[in-house]
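These notes are about the structure you will find just below.
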Amino acid sequence: MIEIAVKKQIGNFKLDVALSLKRGEFVGIMGASGSGKTTLLRIIAGLENATGRIVVGDEVWLDGKKSLPPQKRSIGFVFQEYALFENMSVLGNLLYVSKDEALARKLLKIVELDDLLDRYPAQLSGGQKQRVALARAMMRCPKLLLLDEPLSALDSSMRLKLQNEIARLHEEFGTTTLMVSHDRGELLRLSDRIYQMRQGKFAEVERNPIIDAVRV
C-alpha cells in the first residue's frame, strides 16, 4: 500500500492532496494546466519540498518536513521531454542507473530497441527516445513509476504503441504506476482509476468501467 497526503503553498496556489494506491495499481490523473499535477509527481519523487506524509510499504519517504532524498526513493520517473544523456548510447543511458546489463537488454527488447542499443539520442526519433526513457525508468525495478505526460509529444500511432509498452512493463514488473495525461482515452486504456485535479485538489474520482468489466 502507498499512502500519500501532502500540502504545498506556492504563492496563492495551494496543493492539498490525499491518495492511497494498492500495490500493482495503475492510477491516472487529469486536470488543466496549472492544477498541480506535475508538482504532485515531483513532491512524490522528492524533487520538491512539501509537508505531509508519504509511506510506501514499510518505508517513510516524507514525514512532516523530514524528507527522504530522491536517490533513496524507489522511483522511476518518465518526463515529457525524455531527459536522456546525449553523450551516452541507448544502453549507456540504462546502465547509468544500474549496471545490470541483463536487465537493460531485457527492457530494451520489451520496448523493441534491442537493435539500437549502440545509438545515441541524437540518432533516435521522438518515439524511440521516449521508449529509452521508459526502459531507463524501470532499471531500478521501482516500487512506484511516475509518468508525467510522457506521450503528449508523439503522433497517434506512436502513442498507441507506447501505451501498449507501458501496460506491458506495468504488468510484467508488478509496479504501481501514477500517470498524468490530458488524454482521457489514454487513461481509460491504462488506468484502474482516474482522478480529476482542480486547483491543487482532487475534485472527483472515476473508476474505469472498462477495466472493472474485464476483472468481473
Would you say the side chain of S35 lies within less than 4.5 Å of the side chain of Q196, judging by non-hydrogen atoms? no
How long is the span from the CZ atom in R140 to the OG atom in S98, to the nearest 0.5 Å? 9.5 Å
Side-chain donor-acceptor contact under 3.5 Å, S181 with D183: no
Any Lys/Arg nitrogen of D192 or K22 sitting under 4.0 Å from an Asp/Glu carboxylate oxygen of the other? no
Going from CD on E86 to CG on N93, what distance comes out if it is rounded to the nearest 0.5 angstrom? 8.0 Å
Is there a side-chain contact between V132 and L94 (heavy atoms, below 4.5 Å)? yes
L162 and G127: which non-hydrogen atoms are nearest, and at how many Å? CD2-O, 4.3 Å
Pairs of donor and acceptor atoms involving the side chains of residues 13-21, under 3.5 Å and at least two apart or interchain, shall be tabulated with distances.
{"from": "S20", "atom 1": "OG", "to": "E3", "atom 2": "OE1", "distance (Å)": "2.5"}
{"from": "S20", "atom 1": "OG", "to": "E3", "atom 2": "OE2", "distance (Å)": "3.2"}

Does anything in residues 138-182 form a ring-ring contact (aromatic ring centres under 6.0 Å, His included)? List the pairs, not counting sequence neighbours. F26-H170
Side chain proximity check, S67 to L62, heavy atoms < 4.5 angstrom: yes
L47 reachable from I43 in the ILVMFWY side-chain graph, under 4.5 Å edges: yes
Side-chain donor-acceptor pairs of residues 112-124 under 3.5 Å, sequence neighbours excluded:
{"from": "E112", "atom 1": "OE1", "to": "K161", "atom 2": "NZ", "distance (Å)": "2.8"}
{"from": "Q123", "atom 1": "OE1", "to": "Y120", "atom 2": "N", "distance (Å)": "2.8"}

If you compare all heavy atoms of P70 against all heavy atoms of G46, which two are closest, and at what distance to 0.1 Å? CG-O, 3.2 Å
The reported gap from OH in Y96 to CZ in R136 (rounded to nearest 0.5 angstrom) is 9.5 Å
Where at least one partner belongs to residues 48-64, residue pairs that pass side chain to side chain donor-acceptor pair (under 3.5 Å), sequence neighbours excluded: R42-E48, R53-D63, E59-W61, E59-K143
On a heavy-atom basis, the closest approach of Q9 and G11 is NE2-O, 3.0 Å
Can you name the closest pair of heavy atoms from A45 and L146 and give their distance? CB-CD1, 3.9 Å
Residues forming a salt bridge (Lys or Arg N to Asp or Glu O under 4.0 Å) with R73, sequence neighbours excluded: none
Would you say R189 and N164 make side-chain contact, with heavy atoms under 4.5 Å? yes
Near Q199 CD, under 6.0 Å, is it more than 12 heavy atoms from other residues, nucleotides or ligands? no
side-chain contact (heavy atoms from CB on, under 4.5 Å) partners for K106, two or more places apart: I110, E172
Which distance, rounded to the nearest 0.5 Å, do you find between the CE of M138 and the OG1 of T175? 5.0 Å
F79 with I75, same ILVMFWY side-chain cluster at under 4.5 Å: yes
Any donor-acceptor pair under 3.5 Å from R131 side chain to V111 backbone: yes
Taking Q163 for its side chain and M158 for its backbone only, find out whether a donor-acceptor pair lies under 3.5 Å. no
Do L178 and I29 make a side-chain contact, defined as non-hydrogen atoms from C-beta onward lying under 4.5 Å apart? yes
Test L68 against V60 for side chain to side chain contact (heavy atoms under 4.5 Å, CB included), laying out the working first. CA-CA 8 Å; L68 198 67; V60 178; over 6 Å; no
Spell out, as yes or no, whether a donor-acceptor pair under 3.5 Å connects the side chain of T176 to the backbone of G24. yes
Applying the 4.5 Å side-chain criterion to the ILVMFWY set and letting contacts propagate, would F202 and L144 be lumped into a single cluster? yes
Check: L91 and E101 side chains under 4.5 Å, non-hydrogen atoms: yes
Taking all atoms of both residues into account, what is the closest heavy-atom pair of A135 and L107, and its distance? O-CD1, 3.4 Å
Could you measure the distance from the CD1 atom of I2 to the CD1 atom of I4? Nearest 0.5 Å is fine. 6.5 Å
Is there a continuous path of hydrophobic side-chain contacts, each under 4.5 Å between heavy atoms, that joins M1 to Y195? no
Give me the atom names and distance for the closest heavy-atom approach of P142 to G76. CB-N, 3.4 Å
I need the L169 CG to T177 OG1 distance, nearest 0.5 Å. 9.0 Å
Shared hydrophobic cluster, L40 / I10 (ILVMFWY, side-chain heavy atoms < 4.5 Å): yes
